[in-house]
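So the structure is just underneath, and the comments pick up after that.
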Amino acid sequence: MEIHINERLRRKLHRIIYEADTPTGKLFDIILLILILISIAAIMFESVAAIRFKYGHMLHIIEWTITILFTIEYIARILTVRKPIKYVLSAYGIIDLLAILPSYISLLLPGAHLLASLRAVRLLRVFRILKLGHFVGASHMLMIALRRSRDKIFVFLFTVIILCVIFGTLMYMIEGPLNGFSDIPVSIYWTIVTLTTVGFGDITPQTGLGQFLSMVIMIMGYGIIAVPTGIVTSEIVNKKPGNQPTNTTSCPNCNETNHKDYANFCYNCGEKLHAKERGE
């Protein structure tokens, strides 16, 4: 009997914490988003010396209060799934963990709590919470396109790294330490900065051959920037639009999402979904 009660409670909490298709679930997530915004604002204000001097203690209390609430939420997320390891190792699980770690690390390394601004990543859930279906569908298409083009992008980036090493070595040979190219790593740094069209100007070639090579690198930079965009765009164009799911249903067993809007069972493990329970 005790197991049955615990199971019912677990499923109820799972629906509230992981889904936004019910009033309580949406309220939970909206409160969570408000706490994230307050936390980020507190971190930003704390970095201002005048505000920190006057309200530092209050901001410190706010930050730790929200951290404790996020810690309780993280533990609740682990306890309400049947496969907690899968959640812990998932993208959202890692993000949720990174949202609370900086405050605890700051007990050993002062200032580390400022990294709690990583909580801003959790705001991406707003599209699912507010049921902005077209945004949810667009995010799914973008993720699929990025996943399909990762091999091409990896090969492209690896090629760029090789070119930077080659051009950096050439610039070191041409310009030398007298013109600021003190070693090959520094020359590679200059090549990367020039290739990405940033150009800090802290190192500049002085010889004619070096300036010619820098022009070649800068012109290449414009072409290189367009390549990853073209790869991802091609995958998006080739992807059939179809009907993208807009629900927030999460499997209570394996925690998989992206189910069809009217699915009754999980496509991954076959578990009965909450959406079906609501219709009964």
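Residue numbers start at 1 and run along the sequence shown.
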Q) What's in the same ILVMFWY side-chain cluster as Leu79, cut-off under 4.5 Å, chained through other members? A) Ile75

Q) Is there a side-chain contact between Thr194 and Phe167, using heavy atoms and a 4.5 Å cut-off? A) no

Q) Nearest 0.5 Å, what's the CG-CD1 distance between Leu195 and Ile224? A) 4.0 Å

Q) Do Ile51 and Leu59 touch side chain to side chain, with heavy atoms closer than 4.5 Å? A) yes

Q) Going by heavy atoms in the side chains, are Ile162 and Thr159 under 4.5 Å from each other? A) no

Q) What pair of heavy atoms forms the shortest contact from Trp190 to Ile217, and how long is it? A) CZ3-CD1, 3.7 Å

Q. Considering residues, nucleotides and ligands other than Phe45, do more than 12 of their heavy atoms fall under 6.0 Å from its CZ?
A. no

(Q) If I take atom CD1 from residue Ile43 and atom OG from residue Ser103, how far apart are they, to the nearest 0.5 angstrom? (A) 7.0 Å

Q.
Given 3.5 Å as the limit, does a donor-acceptor pair link the side chain of Ser39 with the main chain of Leu35, or not?
A. no

Q: To the nearest 0.5 Å, tell me how far Glu73 CD sits from Ile78 CD1.
A: 10.5 Å

(Q) Angle between ring planes, His60 versus Trp64, binned at 30° and 60°: parallel, tilted or perpendicular? (A) perpendicular

(Q) Could you tell me if the side chain of Leu209 sits less than 4.5 Å from the side chain of Leu213, heavy atoms only? (A) no

Q. Distance from Ile16 atom CD1 to Arg11 atom CZ, nearest 0.5 Å?
A. 13.5 Å

**Q.** Stepwise side chain to side chain contact (heavy atoms under 4.5 Å, CB included) test for Phe70 and Leu32
**A.** CA-CA 8 Å; Phe70 283 167; Leu32 192 64; 3.4 Å; yes

Q) Side chains of Leu13 and Tyr18: does their closest heavy-atom pair fall under 4.5 Å? A) no

Q. What distance separates Ser187 OG from Ile192 CD1, expressed to the nearest 0.5 Å?
A. 11.0 Å

Q.
For a quick test of reading the model, state the closest non-hydrogen atom pair linking Ile17 to Ala76 and the distance between them.
A. CD1-CB, 3.7 Å

Q) Between the side chain of Glu175 and the main-chain N/O of Gly180, is any donor-acceptor distance below 3.5 Å? A) no

Q) Are Ile62 and Tyr55 close enough that some pair of their side-chain heavy atoms sits under 4.5 Å apart? A) no

Q. How far apart are the closest heavy atoms of Arg77 and Val81, and which atoms are they?
A. O-CG2, 3.5 Å

Q | Tyr74 and Tyr87, any side-chain heavy atoms less than 4.5 Å apart | A | yes

(Q) Are Tyr172 and Val186 packed together at the side-chain level, in the sense that at least one heavy-atom pair is separated by less than 4.5 angstrom? (A) no

Q | Shortest non-hydrogen separation from Ile66 to Ile38 and the atoms involved | A | CD1-CG2, 3.8 Å

